[in-house]
Each structure stands twice: as structure tokens, then as C-alpha cells.
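We count residues from 1, following the sequence as given. A quick note: this is a predicted structure, and the numbers were derived from the prediction, not measured.
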Amino acid sequence: MFDHFLWSVVIVPPLAVVVVRLLADRLAPGRAASVVVWSAVTVAVMSTFNLLLLSAHALAQVPAVGRLFGWSASVVAADTAGVEWVPWLSLALLAGGLVSVGRRWRRQRKVLAMLPVDGPGGLMVLPDEEPRAFAVPGDPGHVVVTTGMRRLLTDQQFEALLAHENAHLAERHHRLARAAELAVAAHPALWWVGKHVDYLIERAADERAAGDLGNRRTLAHAIGVAALAGAGSPFAAALHAAVPGGVVPRRVAHLLRPQPKAAPAMFVLLPALVALSSVVWTGEATLDLVELMAAAWR
């Protein structure tokens with residue numbers, strides 16, 4: 001079972017990162033965000049399931065457990081001869097991953113519990129000098145803008161800001177962000193994928209807002225204003241424009257160019273195929289463990 005551990009736990013998650021880095025900007029951002037997130041979730045789930053199988057292997061080779069259930073612990077142990085550490089390492093990694101996912105899940109539930117579930121929804125303007133604006137998902141959702149941000153924007157730029165934040169609500173981007181966070185919690189090697197999802201959903205909101213407005217340049221200017229307003233602020237600026245790492249220039253550059261043509265379907269298939277390979281190997285690992293336990297019971 002060492003080969004399954006090597007592929008699904010060690011190789012596939014970093015490989016998914018490489019594929020995302022190569023292909024994400026070649027796809028329409030909305031499609032890319034969905035493909036990247038669900039590929040990452042699949043990889044994380046399959047990696048966790050492989051760790052579960054190997055953890056079961058570790059426990060099954062304990063002599064006391066073998067006597068309790070009536071199988072030969074030595075037969076089970078012989079299956080990982082030379083790599084005896086792998087099942088026990090898998091048990092430790094599984095425990096750590098489950099704790100991490102559990103913490104992240106509880107944190108998300110606490111945040112969701114604070115979201116409004118009734119009321120008219122729409123725009124909320126807060127009296128605050130910090131230039132901030134953000135979408136608050138819920139039923140209905142809200143767009144929150146501070147007076148500090150409103151004063152910085154022209155009427156057209158303010159309309160662009162609202163279009164961007166409403167695009168997040170309409171596309172339910174918070175769900176993709178939550179799924180990506182859980183995938184990263186399950187497997188830390190997916191960290192970069194999780195960070196890139198944030199960029200992709202911002203790009204997706206940019207493209208939808210630009211389409212609704214019919215003016216890509218106005219939205220690009222609004223992002224630039226928000227970036228300058230958020231510089232040096234401890235708070236996140238509107239349009240997520242204060243995110244470091246050259247994200248603002250990339251987003252603005254995309255908006256100042258015509259909307260790109262859709263990439264061929266093969267680009268969508270590559271991250272999906274990486275995730276699918278992990279599914280196939282996990283299925284094989286499950287069959288291997290079943291066959292091993294059947295042999296140990298004889």
C-alpha cells in the first residue's frame with residue numbers, strides 16, 4: 001500500500017498545485033475557481049481516505065487487535081515490510097488532519113451563525129472613516145460600504161463597487177471559499193491552491209461586474225482607488241484590492257484588456273484528471289486492504 005500513500009498523499013496534492021499554477025489564468029475565472037476548488041476538495045478527500053485505510057492497516061497489525069478480531073496480525077504487518085513506518089505516520093497525519101478540519105469547520109459555523117437570515121438585504125452604509133466594502137452572504141445577502149469608502153469613489157466607481165460585491169453574492173463565492181479552506185485544512189500542501197482560489201473568485205466577480213456595467217475601465221479604476229485607500233490599513237479594503245503579491249496589477253491588467261476568449265475544454269480536464277487519478281488509486285487501495293484482510297483471516 002506504500003505506492004498508494006506515495007501517489008495520493010505525497011505526489012498528487014503538490015501536482016495539483018503545479019497544474020493550477022500553469023492553467024488557472026488560461027481559463028475563465030469563474031470556471032477556473034469551480035474546477036480548482038472541486039479538484040482540490042477531491043484530492044483532499046482521497047488523501048484523507050488513503051490515510052484512513054493506512055491507519056486501519058496500522059491498527060490491524062497490532063497483535064492484540066488481531067487476536068480480538070481473529071486475524072493474523074503478522075500477515076497484515078508483512079504487507080508493509082520495509083516501510084513499517086508508513087501506516088503509523090498515516091495514523092498521526094489522519095489525526096492531525098481531522099483536528100484541523102474540525103477546527104476550521106467550527107470556525108466557519110460560528111461565522112455563518114452571525115450572518116443575517118432575514119430583513120430586506122441590499123446595501124448597508126456604515127459610519128466609519130476606514131475605507132472598506134464587502135459582501136455579507138445570507139438570505140438575503142448584504143453589501144456593506146463605509147462612509148469613508150463612499151467618499152473616495154465617484155458615482156460610476158461606486159456603481160462598479162456595488163456590481164463587484166453583488167457578483168460575489170449572486171455567484172455564491174463564499175461557498176467556494178469555504179470548500180477551499182476545508183481542503184487546505186485537510187492537506188497543507190494545498191495551501192497555495194487555497195490562496196489562488198481567493199484571487200480567482202475576485203477575478204470572476206470582476207468579469208461579471210464588468211459585463212453588467214459594460215465598462216471594464218471604470219471597474220479597473222475603482223479597484224485602483226480601493227488599493228490606494230487600503231495601503232497601510234490594518235483592514236481589508238474594498239474589492240479585496242489590498243491583497244499583497246501583485247494581485248491588484250494582475251486584476252487591473254485583465255480588466256484593461258478585452259474579455260478573453262474561453263479556453264479549450266482540455267484545460268478544464270487537466271486538474272480534473274489529476275483529481276480523478278487520486279480517486280482511482282484510492283479505489284485500488286481499498287480493494288488491496290480488503291484482499292489483505294481476507295488473507296489475514298484465513
I would like to know whether V43 and H187 meet side-chain contact (heavy atoms from CB on, under 4.5 Å); could you show each step before the answer?
CA-CA 9 Å; V43 168; H187 202 304; 5.9 Å; no
For the CH2 atom of W88 and the OG atom of S55, what is their distance to the nearest 0.5 Å?
9.0 Å
Is it true that R216 and E207 make a salt bridge, defined as a side-chain N closer than 4.0 Å to a carboxylate O?
yes
For P13 against L190, the heavy-atom pair lying closest together
O-CD2, 3.8 Å
Between atom CG of L98 and atom OG1 of T48, what is the distance when rounded to the nearest 0.5 Å?
7.0 Å
Check the hydrophobic clustering (I, L, V, M, F, W, Y; side-chain heavy atoms under 4.5 Å; chains of links allowed) and say if L54 and V10 are grouped together.
yes
Determine the minimum heavy-atom distance between V12 and S278, stating which atoms define it.
CG1-CB, 4.1 Å
Side chains of V145 and F134, heavy atoms from C-beta outward: is any pair under 4.5 Å?
no
For G194, is there any backbone N or O sitting under 3.5 Å from a side-chain donor or acceptor partner on E181?
no
Under 4.5 Å between any side-chain heavy atoms of D288 and L292, yes or no?
no
Do F5 and H57 have side chains that approach each other closer than 4.5 Å (heavy atoms only, starting at C-beta)?
no
Modelled atom types, side-chain donor and acceptor of H168 and E202, under 3.5 Å
yes
Interatomic distance, S34 atom OG to R175 atom CZ [nearest 0.5 angstrom]
12.0 Å
State, to 0.1 Å, how close A220 and L256 come at their nearest heavy-atom pair, and which atoms those are.
CB-CD2, 3.9 Å
Out of curiosity, does L51 fall in the hydrophobic cluster containing V86 (side-chain heavy atoms, cut-off under 4.5 Å, transitive links)?
yes
In the single-linkage hydrophobic clustering (I, L, V, M, F, W, Y; side-chain heavy atoms under 4.5 Å), do V290 and L287 co-cluster?
no
Please examine the side chains of V75 and W71, heavy atoms only from C-beta on, and report whether any two atoms are closer than 4.5 Å.
no
With a 4.5 Å limit on heavy-atom distance, are the side chains of L255 and R217 in contact?
no
Determine, stepwise, if the pair R178 / W105 fulfils side-chain contact (heavy atoms from CB on, under 4.5 Å).
CA-CA 9 Å; R178 287 176 58 203; W105 175 262; 4.0 Å; yes
Return a table of donor-acceptor pairs under 3.5 angstrom between the side chains of residues 149-163 and protein atoms on other chains or two or more places apart.
from : atom 1 : to   : atom 2 : distance (Å)
R150 : NH1    : L153 : O      : 3.0
R150 : NH2    : D155 : OD1    : 2.8
R151 : NH2    : E129 : OE1    : 2.4
R151 : NH2    : E129 : OE2    : 2.7
T154 : OG1    : Q157 : N      : 3.1
Q157 : OE1    : T154 : N      : 3.2

Just one of V18, V20, V184 clears the side-chain contact (heavy atoms from CB on, under 4.5 Å) bar with W192, so which one?
V20
To the nearest 0.5 Å, tell me how far M124 CE sits from T146 OG1.
12.5 Å
Apply the side-chain hydrogen bond (donor to acceptor under 3.5 Å, both in side chains) test between H254 and each candidate in R257, R250, R251; give the one that qualifies.
R257
With no hydrogens and no angle check, do the side chains of D206 and H164 hold a donor and an acceptor under 3.5 Å apart?
yes
Salt bridge (Lys or Arg N to Asp or Glu O under 4.0 Å): pairs with one or both residues in residues 83-98, sequence neighbours excluded:
none
To the nearest 0.5 angstrom, please state how far the CG atom of L53 sits from the OG1 atom of T286.
4.5 Å
4.5 Å side-chain heavy-atom contact, V83 and T80
yes
ring-ring contact (aromatic ring centres under 6.0 Å, His included) partners of W7, counting only residues at least two apart:
W281
Closest heavy-atom pair and its distance - A210, L219:
N-CD2, 4.0 Å
ILVMFWY cluster, V9 and W85 together (side-chain gap under 4.5 Å):
yes
Would V279 and T42 count as a side-chain contact (heavy atoms from CB on, under 4.5 Å) here? Give the steps.
CA-CA 8 Å; V279 174; T42 301; 3.6 Å; yes
A285 and N50: which non-hydrogen atoms are nearest, and at how many Å?
CB-OD1, 3.7 Å
Test your reading of the model: is there a side-chain donor-acceptor pair from S100 to the backbone of A186, 3.5 Å cut-off?
no
Separation between CZ (R208) and CG (L213), nearest 0.5 Å, reads 11.5 Å
Which heavy atom of P63 sits nearest to which heavy atom of A73, and what is that distance?
CA-CB, 3.8 Å
Can you find a heavy atom in the side chain of V143 that is under 4.5 Å from one in the side chain of N166?
yes
Should L182 and Q108 count as side-chain neighbours, where that means a heavy-atom distance under 4.5 Å?
yes
Might you work through the side-chain contact (heavy atoms from CB on, under 4.5 Å) test for W191 and V17, ending with a clear yes or no?
CA-CA 9 Å; W191 175 84; V17 171; over 6 Å; no
Using modelled atom types and a 3.5 Å cut-off, is there a donor and acceptor pairing between side-chain atoms of H142 and backbone atoms of V144?
no
